[in-house]
Asks: 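Here it is, the structure in full.
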Number of protein chains: 2
Amino acid sequence: MKESAAKNRILDVASRLFYEQGYNSTGINQIIEEAEIARASLYNHFPSKRDLLTSYIQRAEDIWFEELEAFVGHIKNPKKKLLALFDHRISRQLKFNFGGCRFIKVGAELPNDDLAAFELIDHQKSRLKEYIHQLLLEINPKNELLQNLEMLNETIFLLIEGATVTAGITKNPEALQSAKKIAETLLGQ
Amino acid sequence: MKESAAKNRILDVASRLFYEQGYNSTGINQIIEEAEIARASLYNHFPSKRDLLTSYIQRAEDIWFEELEAFVGHIKNPKKKLLALFDHRISRQLKFNFGGCRFIKVGAELPNDDLAAFELIDHQKSRLKEYIHQLLLEINPKNELLQNLEMLNETIFLLIEGATVTAGITKNPEALQSAKKIAETLLGQ
DNA sequence: GTCTATACGTGGATAGAC
DNA sequence: GTCTATCCACGTATAGAC
């Protein structure tokens with residue numbers, strides 16, 4: 001059962017606008033106009049704007065990891081692959097004018113008690129952390145300072161998150177470049 | 001020349017609402033109602049909502065560092081003081097229901113080309129990083145892994161940022177607690 | 001300086017024809 | 001299923017009396 005072309009067009013447009021302008025600043029009117037569909041068609045596929053948000057976040061996670069795989073999938077050396085995660089972020093931030101992380105951004109716009117939404121966002125984050133974890137298992141680094149893999153895992157994850165957020169504020173990739181260097185140092189040779 | 005009581009009441013209310021509900025989701029109407037002032041009084045002090053935002057961010061930075069000082073000012077040992085930065089964040093996130101960082105949050109709501117606003121946000125971040133820097137100079141840690149102070153400075157800063165953002169998503173303090181532990185390890189004994 | 005009344009746009013969402 | 005027309009609440013901001 002294939003999704004209708006209209007539904008996909010709505011999601012494409014909404015994904016772009018939610019990220020570029022923000023969720024709250026993007027109106028239904030603009031979405032239907034740019035997607036070239038009727039107002040009622042949108043409400044046919046998505047009962048409310050909030051439902052569109054849910055679909056947006058879930059689909060964005062899938063696309064995000066597909067694009068990550070396209071970027072790092074060809075790299076065999078696990079350490080190089082891990083460091084390429086930083087390059088992936090740098091590449092994205094350059095491409096998207098340093099808009100920061102899509103998931104963090106939408107989370108910042110939502111009411112704090114919308115736990116369902118924060119769970120969806122957390123899902124992407126946990127998956128990324130697990131992705132790093134798997135790479136660390138392959139690398140099996142001998143780091144005497146950060147005693148165990150879990151601590152190193154957390155460190156690299158937090159470095160990526162912190163650097164992406166920072167890049168979105170400073171509007172330059174320096175924090176991400178520094179974070180990569182730090183990760184490289186922590187992993188040893 | 002003292003600021004009018006009305007102006008301060010507006011800023012108090014706006015600060016609370018901008019953080020709790022978001023900047024875009026907070027209307028002028030709610031602000032004037034909760035501040036108990038007339039609509040035109042607000043526009044007398046702030047020509048537009050955007051001007052109120054500017055004042056909000058600047059004042060929030062001042063208050064933020066005042067409150068930080070109140071939290072860690074009594075600590076003499078520089079390493080303990082540095083680690084208390086993490087406790088400060090944990091304490092704040094508990095108090096504010098894991099709303100995340102006030103400055104990052106508002107940045108996520110703004111149009112990406114509002115460079116004036118992002119500069120104000122960056123000001124708070126740079127000041128925090130410099131605060132960490134000064135403490136590191138006092139600690140003068142002998143870390144053989146992270147070769148120089150600047151790299152350690154960046155690491156700790158990014159850990160704090162990443163962990164605060166993460167806490168705002170997971171709605172629990174674990175990331176901040178981990179980040180503190182990591183920092184402690186990196187600083188050595 | 002502070003008030004009330006109001007202008008005018010846009011928000012999300014629904015009705016009912018086709 | 002897709003369309004147009006429309007509802008009503010709320011958004012920011014201004015006018016003009018006091």
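Both backbone and side-chain heavy atoms feed into the values below; hydrogens, waters and symmetry mates do not. The sequence lines fix the lettering, A, B, ..., with proteins before strands; numbering per chain opens at 1.
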Asks: Cation-pi between B:K125 and B:F157: NZ/CZ under 6.0 Å from ring centre and within 45° of the ring axis?
Replies: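 B:K125 over B:F157 ring: no.
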Asks: Any side-chain donor paired with an acceptor under 3.5 Å for B:D51 and B:S48?
Replies: yes
Asks: Between A:Q30 (CD) and C:dG9 (C1'), how many Å, whole number?
Replies: 15 Å
Asks: Out of D:dC3, C:dG12, D:dG1, which has the shortest distance to the side chain of A:Y43?
Replies: C:dG12
Asks: Whole angstroms only, please: what is the CZ-P distance between A:R39 and C:dT10?
Replies: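 A:R39 atom CZ is separated from C:dT10 atom P by 13 Å.
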Asks: Measure from the side-chain heavy atoms of B:I28 and tell me the nearest of D:dT12, C:dT2, D:dT4.
Replies: D:dT12
Asks: For residues 90-98 of chain A, which side-chain donor-acceptor pairs fall under 3.5 Å, sequence neighbours excluded?
Replies:
| residue | atom | partner | partner atom | Å |
| --- | --- | --- | --- | --- |
| A:R92 | NH1 | A:E67 | OE1 | 2.7 |
| A:Q93 | OE1 | A:G99 | N | 3.4 |
| A:Q93 | OE1 | A:G100 | N | 2.9 |
| A:Q93 | NE2 | A:G100 | O | 3.2 |

Asks: Expressed as a whole number of angstroms, how long is the span from B:I10:CD1 to C:dT2:C1'?
Replies: 11 Å
Asks: Could you check whether A:Y56 and A:E61, counting side-chain N and O atoms only, form a donor-acceptor pair closer than 3.5 Å?
Replies: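 A:E61 vs A:Y56: no donor-acceptor pair found between side chains.
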Asks: In whole angstroms, how far is the P atom of C:dG1 from the CZ atom of B:R9?
Replies: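 Answer to the nearest Å: 15 Å.
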Asks: Atom CD1 of A:I37 to atom C1' of D:dT4: distance rounded to whole Å?
Replies: 14 Å
Asks: Let's see if you can work this out: which of C:dC3, C:dA13, D:dG1 has an atom nearest to the side-chain heavy atoms of B:A40?
Replies: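 Ranking C:dC3, C:dA13, D:dG1 by closest atom to the B:A40 side chain puts C:dC3 first.
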Asks: Ignoring the backbone of B:A38, work out which of C:dG1, C:dT4, C:dG12 is nearest its side chain.
Replies: C:dT4
Asks: Can you check the A:E33 CD to D:dC3 C1' distance for me, whole Å?
Replies: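 That distance rounds to 16 Å.
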Asks: Which nucleotide sits closest to the side chain of B:K49: C:dT2, D:dA5, D:dT12?
Replies: D:dT12
Asks: Rounded to whole angstrom units, what separation is found between the CG atom of B:L42 and the C1' atom of C:dC3?
Replies: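 One finds 14 Å between C1' of C:dC3 and CG of B:L42, rounded.
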Asks: Counting the atoms with a prime plus P, OP1 and OP2 as sugar-phosphate, which does B:T26 contact under 4.0 Å by heavy atoms, base, sugar-phosphate, or nothing?
Replies: sugar-phosphate
Asks: Quick one: is A:H45 getting a side-chain N or O under 4.0 Å of the D:dT2 phosphate, OP1 or OP2?
Replies: yes
Asks: Quick check on C:dC3: is either OP1 or OP2 less than 4.0 Å from any side-chain nitrogen or oxygen of B:S41?
Replies: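 For C:dC3, OP1 or OP2 has a side-chain N or O of B:S41 closer than 4.0 Å.
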Asks: Between C:dG11 atom C1' and A:L17 atom CG, what is the distance in whole Å?
Replies: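 Between C1' of C:dG11 and CG of A:L17: 15 Å.
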Asks: If you only use heavy atoms from C-beta on, which nucleotide in C:dC3, C:dT14, D:dC10 is closest to the side chain of B:N29?
Replies: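 The nucleotide sitting nearest to the side chain is D:dC10.
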Asks: Under 3.5 Å, is there a donor on one side chain and an acceptor on the other for A:E130 and A:Q134?
Replies: yes
